[in-house]
Amino acid sequence: MLEYFKTILSKVSFDKRLFEKELRKAIKALIPDEVTELKEWCYAKFGNRYEPILVTCFSE
């Protein structure tokens with residue numbers, strides 16, 4: 001599932017609201033270890049573009 005969500009997030013990264021929606025969905029669906037891995041991947045790939053969204057979603 002983690003790879004699936006990475007693919008989805010990459011594909012919707014053009015749209016801020018869609019990215020946030022899919023990220024929230026991914027965080028709910030994944031187990032804690034996968035969420036940690038997803039967080040690292042998101043910050044590496046989208047950190048400079050969507051940092052406020054990442055901070056909000058991963059802190060909830």
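Here the structure is a predicted model, which means the values were calculated and not measured.
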Fill in: Non-hydrogen atoms of Phe46 and Ser10 that approach each other most closely
CZ-CA, 4.0 Å
Worksheet entry | Check against side chain to side chain contact (heavy atoms under 4.5 Å, CB included), Phe58 and Val35 | CA-CA 9 Å; Phe58 285 111; Val35 172; 4.0 Å; yes
Worksheet item: How long is the span from the CD1 atom in Ile53 to the NZ atom in Lys21, to the nearest 0.5 Å?
Response: 14.0 Å
Worksheet entry | Heavy-atom side-chain proximity of Thr7 to Tyr4 below 4.5 angstrom | no
Item to complete: State, to 0.1 Å, how close Leu30 and Glu34 come at their nearest heavy-atom pair, and which atoms those are.
Response: CD2-OE1, 3.3 Å
Practice prompt. Working to the nearest 0.5 Å, report the span between NZ of Lys28 and CD of Glu60.
Written response: 9.0 Å
Worksheet entry | Approximate separation, where rounding is to 0.5 Å, of Ile8 CD1 and Ser13 OG | 11.5 Å
Fill in: Donor-acceptor pair, side chain of Tyr50 and main chain of Cys42, under 3.5 angstrom
no
Worksheet item: Does Glu20 come within less than 4.0 Å of Arg24, counting only side-chain N to carboxylate O?
Response: yes
Item to complete: Look up atom CG in Asp15 and atom CD in Glu22, then write down how far apart they are to the nearest 0.5 Å.
Response: 10.5 Å
Response to the item:
Note: Leu54 and Tyr43 closest approach over all heavy atoms is C-OH, 3.6 Å
Worksheet item: From Leu18 CG over to Leu9 CG, what is the distance, rounded to the nearest 0.5 angstrom?
Response: 9.5 Å
Discussion item. Once rounded to the nearest 0.5 Å, what's the spacing between atom SG of Cys57 and atom NZ of Lys25?
Written reply: 13.0 Å
